[in-house]
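Heads up: the structure comes next, in structure tokens.
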Amino acid sequence: MAAQTNQPMVEARGLGRTFRTRTGAVEAVAGVDFAIQAREVVGFLGPNGAGKTTTQRMLSTLLAPTSGEATVAGCDLRRDPVGVRRRIGYVAQGGSTNPNALCDEELVLQAQLYGLGAEEARRRADEICARLDLGDLGARQIKTLSGGQRRRLDVALGLVHGPGLVFLDEPSTGLDPQSRANLWTHIRGLRDELGTTVFLTTHYLEEADALCDRILIIDHGRIVAEGTPDQLKRRISGDLVIFTVGPEAERARGVLAGRPGVREAVPHDGTVRVTVERGEEGALPLMRALDAAGIPVASMQIARPTLDDVFLTLTGHSLRDQPAAEGRRPS
Amino acid sequence: MSAWREARLVFRQQLRLSWRQPVWAVLALIQPLLYLALFGPLLRPLTHTPGFPPGSSWSVFVPGLLIQLAMFGTMFVGFGLIAEMRYGVVERMRVTPASRMALLMGRVMRDAVVLVGQAVLLIAIATVFGLRAPLLGLAAVLVIVLLLGISLSSFSYAAGLKLRSEDALAQLLNSLAVPLLLLSGILLPMSLAPRWLYLLSRLNPFSHVVDGARAAVRGDFGSGSIAVGFIVALALAVAGVAVGTRTFHRESN
Ligand SMILES: Nc1ncnc2c1ncn2[C@@H]1O[C@H](COP(=O)(O)OP(=O)(O)OP(=O)(O)O)[C@@H](O)[C@H]1O
Ligand SMILES: [Mg+2]
């Protein structure tokens, strides 16, 4: 049974995985609950080791969960793994090709393993190659491809059979800006033209921002936030209002800190950076307060926080930092 | 019947990959050929020793070599699977709906085909050295070799999948290979052995397979050895495929 219209494409209920290692148990995913609707492009963000790959491997039947359950593309993950496999595509984080094989061979074989006939498989392989700019590489041995070309082949292998739901684990790692833009176009096309549901992990915040309808943020095996890119930015960090006040920065901080609506005021390099709920409404009263205190304001700027700021606020570390790094932002 | 189709797809891809590097299949023949040329002649004076099986020294030695080829030619295929796992190829196939047994059997079939090809070549060369054997006997030996190859390549894949490390697999195989070889009577027939060693060798299934192969090459179709050898080889093949499929079924960590 394919997914019904109103049923989520992916529904995880307390889905968790604990690895046993020599040094003890590692709780990679600590019982997550979330749902992905049909035709959604959902981004999965989190620092290294947060549990993104483990979650995707469980949902794609590669790894048995140690707790919880999930429904994927209308099939129960534990009871009907073959049904799940039939309906999904999966692109692994770490590559998926034999260096001695030819591109064509791998693509056609993969499509045939999904049950397509030889001719149809051939046709789909050519089509996906054209879409992902692999057109003239078909007869090449994979070990002769560049890293980015190989990554595009990985993506092509996960999509060649035209699945209704795809899991992409860092699909754009190692791609140049043009290939990445091309991949984005392709992913949007999958959703808009074919109604494909996409669940992708990424470390590129601009990618999540530009491509995803919704974002899930995971840290230490727990979902710490979810929402549209805008919602997340607004809800978690508020806006940043930056006043350029020269040598008066420290005094400006004293004036602004503690005023209603101000979460935080930090002097920084001739400016004072104030975090407020909504910048458009919050800025003017602050400006007047500075005026009243006799502090001349040379310029004022309202900045929406980036997802990177969201991240910092939520997890205490930046997405680009090492997982254990201290948060840079005073809290 | 889709499993059979999937196995054939994997088989064809694996065969293409092997074909692209034929040097390995040929190199695997060098060792048995060296045994044939440098060890075989040592057996000739032994043919009159009490306990030495009937027949020419070649008809005693070549069947042993064929079984050795079957064992050592396929025992190490698990290394290739570990490489494929590292490339992510195994995971890419496991995420498709293809039957797990097909993913295993496609590879096993490739190994079996390569092995039978090598065995035919080895028999041809042994004929030049002086081996004389009935065609039916040679066909029976090839069937036994095929079954053994299926068994050992399946076991090797299961071990590779389970251990996921070349070092661990090498240790396992080395610790198994030497006792299995010494207790199989491949190099010298166990009928020469003292009683305790002979009895010990009976515990090794490969010794029965070797006896069966010798009886076949000798053309001794009346004795039960061929049937015993065949049944043991068949049982090993069934066990190997069962264990291999089970291991492919279970997620491996
Ligand atoms: N096979 C395994 N055995 C033991 N621990 C594991 C295993 N696989 C993953 N882990 C641990 O589980 C945690 C989550 O790993 P996972 O690969 O899901 O992270 P991730 O979010 O994908 O990170 P990255 O951004 O680096 O890809 C990590 O602490 C990792 O070390
Ligand atoms: Mg990962």
Side-chain angles (χ1 to χ4, degrees), chain A residues 17 19-21 53-54 56-65 75 80-102 104-118 121 141-143 150 153-154 157-158 160-161 163 166-167 169, chain B residues 1-25 77 79-107 109-110 161 164-165 168 245-253:
Chain A
R17 170 77 199 203
F19 290 105
R20 315 234 155 271
T21 65
T53 298
T54 306
Q56 289 206 332
R57 278 166 52 79
M58 285 193 284
L59 290 174
S60 54
T61 76
L62 288 169
L63 192 64
C75 304
D80 187 13
V82 179
V84 173
R85 289 183 195 127
R86 264 195 207 107
R87 292 167 175 81
I88 66 167
Y90 172 74
V91 175
Q93 181 175 0
S96 60
T97 50
N98 189 323
N100 293 314
L102 312 182
D104 276 354
E105 267 172 19
E106 294 276 66
L107 282 166
V108 173
L109 170 67
Q110 191 71 0
Q112 286 182 298
L113 286 179
Y114 279 99
L116 297 176
Q141 250 183 327
I142 289 165
K143 64 182 165 201
R150 210 169 306 163
L153 179 61
D154 289 330
L157 282 162
V160 66
H161 56 296
V166 289
F167 298 97
D169 200 350
Chain B
M1 240 28 303
S2 77
W4 171 236
R5 171 184 167 272
E6 290 152 5
R8 268 184 8 241
L9 289 170
V10 175
F11 166 69
R12 283 216 316 262
Q13 169 77 341
Q14 293 286 325
L15 205 58
R16 274 195 296 259
L17 288 168
S18 299
W19 194 246
R20 219 158 274 155
Q21 294 171 306
V23 65
W24 297 118
V77 295
F79 286 102
L81 189 69
I82 293 177
E84 282 195 283
M85 279 195 270
R86 196 155 292 147
Y87 297 142
V89 174
V90 175
E91 192 154 278
R92 190 190 92 211
M93 293 187 173
R94 282 205 312 149
V95 87
T96 72
S99 128
R100 314 290 102 163
M101 189 173 182
L103 299 183
L104 170 73
M105 288 315 286
R107 290 173 168 80
M109 277 153 59
R110 184 268 319 265
L161 210 52
R164 327 184 116 233
S165 126
T245 306
R246 232 173 78 93
T247 316
F248 254 83
H249 244 291
R250 276 209 305 256
E251 45 90 30
S252 7
N253 59 347

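This one's a predicted model, so the numbers in the text were calculated from it and none came from an experiment. Every chain is numbered from 1, with letters handed out A, B, ... down the list of sequences.
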Considering only heavy atoms and a distance below 4.5 Å, find which of B/Q21, B/R12, B/R100 pairs most often with chain A. B/R100
Contact winner vs chain B - A/V108, A/T97, A/D154, heavy-atom pairs under 4.5 Å: A/T97
If we ignore angles and hydrogens, is there a donor and acceptor under 3.5 Å between the side chains of A/R85 and A/T61? yes
Please classify the contact between B/R8 and chain A as side chain, backbone, both or neither, with a heavy-atom cut-off of under 4.5 Å. neither
Measuring heavy-atom distances to chain A, does B/E91 have an atom under 4.5 Å in its side chain, in its backbone, in both, or in neither? both
Could you go through residues 109-116 of chain A and list every donor-acceptor pair under 3.5 Å that involves a side-chain atom there, pairing it with any protein atom two or more places apart or in another chain?
from	atom 1	to	atom 2	distance (Å)
A/Q110	OE1	B/R92	NE	2.9
A/Q110	NE2	B/R92	O	3.2

Contacts of A/N98 that satisfy side chain to side chain contact (heavy atoms under 4.5 Å, CB included) - sequence neighbours left out: A/N100, A/A101, A/E106, B/L17, B/E84, B/Y87, B/V89
Is there side-chain contact between A/L107 and A/L153, with heavy atoms separated by less than 4.5 Å? yes
